Colleague: 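I'd like to ask some things about the structure below.
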Amino acid sequence: MRHRHPLMTRGVRRVGSLLTALTLSLPLSLSLGSPMALGDDRAMRDALEAARNQEWRKIDQAAIEGHPLAGYVEYHRLRERLPQAEPGQVLDFIERHADSPLSEWMRGQAIAQYGHAGRYGSLLAVADGVPEGTARQCYYYTALLGSDPRAAAAGGRELWLVGRSQPDACDTLFRALRENHEIGEREVWERKMLAWQAGERGLQAYLGRMLGSRWQEGRDALERLQKDYAAITRVPRCIGPDCQGSSALFAAAMHGFTRADTEAALEAWRKVAPHLELDAASRRGIERDLAFYSLVRDIRQNRGWVDETLVGLPDAELLELRVRTALAERDWRGVVDWVHRMPDEPRQEARWQYWLGRALEQLGDTATAETAYAAAAGGRSFFGFAAADRLGRPYALNLERNGFDDSFREQVARWPAVQRTEALVRIGEQGLANSEWYAAVARATPREARALADHAQRRGWHAKLVQTTITGRMWDALDWRFPEAYREHFLHWGRETGVDPYLLMGIARRESAYNPEALSPAGARGLMQLMPGTATQLSRQLGISDPGPYGVLDPQLNIRLGSTYIRDMLDRYRGNRLAATAAYNAGPGRVDRWLRDAPEEFDLFVESIPFRETRNYVQAVLAYRAIFESLANGGNSEGVAMLSQAEKSVRYDRSLLARN
């Protein structure tokens, strides 16, 4: 799970390798990492807290001199002086801290402060392209009004055309573009339609007051449609001067109509579509919505139109939905045809090659089916492993091994970014430590990124290690992507509960990426992402004290409770790990319903799971458990099975429920 500092902006500009940065960013004595150079961590922690509160008199400057984190105090000093500080001072700070996220945080702060103060020349002096964040972008394009009005207009119109209110920072830009007629009544109407789609009534009313009498017919049409989408066949086809508002009105109306009543919406669309002059993007968007909801809601009456439309609309997501529809109906010829219509990239994925093989096998073409299975079996995924099982082959792990000698590891430990990260960890600033670390990985060469991963592994930074492999795109470095984190706890509680420990590892890896303090938006906590209520219930079941919302973060207790919960799910589904894993993510009530209406084969059951999140979750966890078992076997997948023979052959229907 990735953590970002609140001020972190998009990306980090590469200024050279970490090896070069070693001699650029800090004095030589500091880069060598001597104990004297590290300074006093306690003084640094106190100084950083004082700097955040702007209590400068509390900072012992002599005590933090030469400390790797001295730049953090300087950052707060300079930020407090904005917008009065001159851009040269800001640029000097950015250059001196170019190998740290401090540089981009300072750039973002300067852009925001200069923009708010109207110091547009200073803003452009420190900007390095379009900044991240709506407010900063508005300030940036406002600054460009004088020097590059065309770019300012293009950027401003893009910021204007959204269905929500924009921050006050955009007011000056929007006012100037309206005065210059770069934003006219057409753009006002288009934004009003977007606001209607988004349900922003206040913004709709505000924009309506900007429109003149020539838009009265459009207002009337909108009022009718807001009361009854079916009126779309009766409103004027030409909206606004020279029909400028037609595309936006019909696109917004059809979007709402399609979501409300897809079958009636398609019937209305087929009546009006031939008579409307809409731009290509609006027409394509309307038809995509109709096809999407027709497939998701399985509206059989719309199927013929959908199939005709998909021929001219090679949309990967829609084609995937169409293949799933064919699978649900056991239309094996349709599976082959629709897979072949997919764009090259998704079609070559292990999932779709597997289903192509399954369909061809069902149609009696075993030779071609084996070719498709072989293509799928090269993938390190649920369907790649399932294809390998079909062929009787070991799983293709494509395992990459990495090693570094002690001399190079000592160099890595002296890299400034590593020293700053280590110092931030020591003073309890985990969020800032993560920002420093991931920024360093993003800047690094492939070899440097792997050296950082090696350092994280040796330091036992499991969550950082996993994220390092993601940021550094080290997809084959499986020892790092799937580290032996909390292994003894998983083995112990696996034995105690009778649960496959590799399944536990797979769940924790998917749930939290081994961050013991992970907190989901829904409130799930810890390695195995337990809701506090579930933790309370499980604690009562085990006869132990309720850990509360913070005690549940303890790794061993979290694993114990998570193991107990997945054991209960296994008991519910007769030991079936596939169904139990789905229940861990989506809840047993949903899985019970899915099983009552399910296809019989394991692969069809997985593909039929209606929630994309759960469908992907089940595949990831089961593939991860096979990888963990293979790594425990020295990286050899020989003899490793993702699913047992019973799990592959059992009927996935209501008979799987222990209590029918």
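This structure is a prediction, so every number in the text was calculated from the model and none was measured. Keep in mind that the numbers below use all heavy atoms, side chains included, and drop hydrogens, waters and symmetry copies.
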Colleague: Tell me whether Arg380 contacts the main-chain N or O of Trp475 through its side chain, where contact means a donor paired with an acceptor under 3.5 Å.
Modeller: yes

Colleague: What orientation do Tyr486 and His489 show, parallel under 30°, tilted 30 to 60°, or perpendicular over 60°?
Modeller: parallel

Colleague: Would you indicate whether the side-chain heavy atoms of Thr471 and Gln467 approach each other to under 4.5 Å?
Modeller: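 A side-chain contact exists here, since the closest heavy-atom pair is under 4.5 Å.
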
Colleague: Under the side-chain contact (heavy atoms from CB on, under 4.5 Å) rule, what do Arg459 and Glu422 come out as? Steps first, then yes or no, please.
Modeller: CA-CA 10 Å; Arg459 294 287 284 112; Glu422 294 276 9; 2.9 Å; yes

Colleague: Could you tell me whether a side-chain N or O of Ser103 sits under 3.5 Å from a main-chain N or O of Ser100, the two making a donor and an acceptor?
Modeller: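 Yes; at least one donor-acceptor contact below 3.5 Å.
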
Colleague: Using a 3.5 Å distance criterion without hydrogens, assess whether the side chain of Arg574 forms a donor-acceptor pair with backbone atoms of Leu657.
Modeller: yes

Colleague: Salt bridge check, Glu320 against Arg351: does any charged N sit closer than 4.0 Å to a carboxylate O?
Modeller: no

Colleague: What closest approach, in Å, do Gln529 and Ala518 show between heavy atoms, and which atom pair accounts for it?
Modeller: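 Closest approach of Gln529 to Ala518: NE2-O, 3.1 Å.
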
Colleague: So do Arg259 and Tyr293 actually touch side chain to side chain, heavy atoms under 4.5 Å?
Modeller: yes

Colleague: Contact between Leu503 and Val621 at the side-chain level, heavy atoms closer than 4.5 Å - yes or no?
Modeller: yes

Colleague: Mind checking what makes salt bridge (Lys or Arg N to Asp or Glu O under 4.0 Å) contact with Arg572, not counting sequence neighbours?
Modeller: Asp592

Colleague: Check the surroundings of atom CZ in Arg458: do more than 12 heavy atoms from other residues, nucleotides or ligands lie under 6.0 Å from it?
Modeller: yes

Colleague: Of all the heavy-atom pairs spanning Ala623 and Phe382, show the shortest one and how long it is.
Modeller: CB-N, 3.8 Å

Colleague: Heavy-atom distance under 4.5 Å between the side chains of Met569 and Pro588, does that happen here?
Modeller: yes

Colleague: How far apart are the C-alpha atoms of Val162 and Leu194, what are their side-chain angles, what is the distance that settles it, and do they pass the side-chain contact (heavy atoms from CB on, under 4.5 Å) test?
Modeller: CA-CA 6 Å; Val162 295; Leu194 293 172; 5.6 Å; no

Colleague: With no hydrogens and no angle check, is any side-chain donor or acceptor of Ser608 less than 3.5 Å from a backbone partner on Leu604?
Modeller: yes

Colleague: Please report the closest heavy-atom contact between Arg420 and Leu69, naming both atoms and the distance.
Modeller: O-CD2, 3.6 Å

Colleague: Which is it for Tyr75 and His97 under the side-chain contact (heavy atoms from CB on, under 4.5 Å) test, yes or no, and what are the steps along the way?
Modeller: CA-CA 10 Å; Tyr75 167 82; His97 298 279; over 6 Å; no

Colleague: Does Thr469 form a side-chain contact (heavy atoms from CB on, under 4.5 Å) with Arg481? I'd like the steps, not just the answer.
Modeller: CA-CA 6 Å; Thr469 65; Arg481 289 186 62 202; 3.4 Å; yes

Colleague: At their closest point, which heavy atom of Ser563 faces which heavy atom of Leu504, and how far apart are they?
Modeller: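 Scanning both residues completely, I find the closest heavy atoms to be OG-CD1, 3.3 Å.
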
Colleague: Would you say the side chain of Pro599 lies within less than 4.5 Å of the side chain of Leu327, judging by non-hydrogen atoms?
Modeller: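 They are not in contact (no side-chain heavy atoms under 4.5 Å apart), so the answer is no.
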
Colleague: Atom CZ of residue position Arg297 - does it have more than 12 heavy atoms of other residues, nucleotides or ligands inside 6.0 Å?
Modeller: yes

Colleague: Distance to the ring centre below 6.0 angstrom and angle to the axis at most 45 degrees; does that hold for Arg509 and Phe482?
Modeller: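 Judged by the rule (NZ or CZ under 6.0 Å from the ring centre, within 45° of its axis), Arg509 counts as positioned above Phe482.
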
Colleague: Please answer whether the main-chain N or O of Ile111 pairs with a side-chain N or O of Arg136 as donor and acceptor at a distance below 3.5 Å.
Modeller: no

Colleague: Is Arg288 salt-bridged to Glu317, going by a charged N under 4.0 Å from an acidic O?
Modeller: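 Glu317 and Arg288: salt-bridged.
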
Colleague: Taking side chain as C-beta onward, heavy atoms only, is Leu102 less than 4.5 Å from Tyr72?
Modeller: yes

Colleague: May I ask you to decide if the ring planes of Tyr652 and Phe605 are parallel, tilted or perpendicular, using 30° and 60° as cut-offs?
Modeller: parallel

Colleague: At their closest point, which heavy atom of His462 faces which heavy atom of Ala485, and how far apart are they?
Modeller: CG-CB, 3.4 Å

Colleague: Could you walk me through whether Gln541 and Asp568 pass the side chain to side chain donor-acceptor pair (under 3.5 Å) check?
Modeller: CA-CA 11 Å; Gln541 176 182 333; Asp568 292 347; 3.2 Å; yes

Colleague: Might you work through the salt bridge (charged side-chain N to carboxylate O under 4.0 Å, His left out) test for Glu613 and Arg590, ending with a clear yes or no?
Modeller: CA-CA 13 Å; Glu613 177 192 341; Arg590 290 192 179 99; over 6 Å; no

Colleague: Can you tell me how far apart CD (Glu349) and OH (Tyr354) are? Round to the nearest 0.5 Å.
Modeller: 16.0 Å

Colleague: Under the side-chain contact (heavy atoms from CB on, under 4.5 Å) test against Ile627, which residue among Tyr395, Tyr502, Phe385 passes?
Modeller: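 Of the listed residues Tyr395, Tyr502, Phe385, the side-chain contact (heavy atoms from CB on, under 4.5 Å) partner of Ile627 is Phe385.
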
Colleague: Going by ring pair (Phe, Tyr, Trp, His ring centres under 6.0 Å), name the residues that satisfy it together with Trp461, two or more places apart in sequence or in a different chain.
Modeller: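 Trp461 satisfies ring pair (Phe, Tyr, Trp, His ring centres under 6.0 Å) with Trp437, His455 only.
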
Colleague: How many angstroms lie between SG in Cys138 and CD in Gln166, if you round to the nearest 0.5 Å?
Modeller: 6.0 Å

Colleague: Look at the rings of Tyr584 and Tyr617 and say which category their plane angle falls in: under 30° parallel, 30 to 60° tilted, over 60° perpendicular.
Modeller: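 Answer is parallel, since the angle falls under 30°.
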
Colleague: Salt bridge or not for Arg450 and Glu400, using N-O below 4.0 Å?
Modeller: yes

Colleague: Atom CG in Leu424, atom CD in Gln419: separation rounded to 0.5 Å?
Modeller: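 Going from the CG atom of Leu424 to the CD atom of Gln419 covers 12.0 Å.
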
Colleague: Rounded to the nearest 0.5 Å, how far apart are CG of Leu631 and CG of Asn636?
Modeller: 11.0 Å

Colleague: Rounded to the nearest 0.5 Å, what separation is found between the CG atom of Leu538 and the CD1 atom of Ile544?
Modeller: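 Between atom CG of Leu538 and atom CD1 of Ile544 there are 8.5 Å.
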
Colleague: Going by an N to O cut-off under 4.0 Å, is there a salt bridge joining Arg390 and Glu601?
Modeller: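 Here Arg390 does not pair with Glu601 in a salt bridge, since their nearest N and O are not under 4.0 Å apart.
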
Colleague: Quick one: does Asn585's side chain have a donor or acceptor within less than 3.5 Å of a partner on Thr581's backbone?
Modeller: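 No; judged by distance alone, with no hydrogens or angles, the pair does not exist.
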
Colleague: Using modelled atom types and a 3.5 Å cut-off, is there a donor and acceptor pairing between side-chain atoms of Arg615 and backbone atoms of Ile609?
Modeller: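 It does hold such a pair.
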
Colleague: What pairs of residues pass the salt bridge (charged side-chain N to carboxylate O under 4.0 Å, His left out) test when at least one of them lies in residues 498-507, not counting sequence neighbours?
Modeller: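 The answer is Asp500-Arg577, Asp500-Arg625.
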
Colleague: Under 4.0 Å between a Lys/Arg side-chain N and an Asp/Glu carboxylate O for Arg560 and Asp554?
Modeller: no

Colleague: Give a yes or no on whether the backbone of Met528 and the side-chain of Asn558 come within a donor-acceptor separation of less than 3.5 Å.
Modeller: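 Confirmed, Asn558 side chain pairs with Met528 backbone.
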
Colleague: Please report the shortest heavy-atom distance between Pro167 and Thr134, naming the atom on each side.
Modeller: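 Here Pro167 and Thr134 meet closest at CD-CG2, 3.7 Å.
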
Colleague: With a 4.5 Å heavy-atom cut-off, do Lys464 and Val425 have their side chains touching?
Modeller: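 Result yes, sub-4.5 Å side-chain heavy-atom pair found.
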
Colleague: Would Asp546 and Ser539 count as a side chain to side chain donor-acceptor pair (under 3.5 Å) if you check the C-alpha gap in whole Å, the side-chain angles of each, and the deciding distance to 0.1 Å?
Modeller: CA-CA 6 Å; Asp546 185 347; Ser539 299; 4.9 Å; no

Colleague: Is a donor on one side and an acceptor on the other found under 3.5 Å between the side chain of Glu448 and the backbone of Val441?
Modeller: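 Flag not set: sc Glu448 to bb Val441 has no pair under 3.5 Å.
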
Colleague: Would you say Leu519 and Arg525 make side-chain contact, with heavy atoms under 4.5 Å?
Modeller: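 Yes, side chains in contact.
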
Colleague: Tell me, yes or no, whether the heavy-atom count around Glu496 atom CD, taken from other residues, nucleotides or ligands under 6.0 Å, exceeds 12.
Modeller: yes

Colleague: For the side chain of Arg567 and the backbone of Gly498, is there at least one donor-acceptor N/O pair under 3.5 Å apart?
Modeller: no

Colleague: I need the Leu432 CG to Thr421 OG1 distance, nearest 0.5 Å.
Modeller: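 Atom-to-atom, Leu432:CG and Thr421:OG1 are 10.0 Å apart.
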
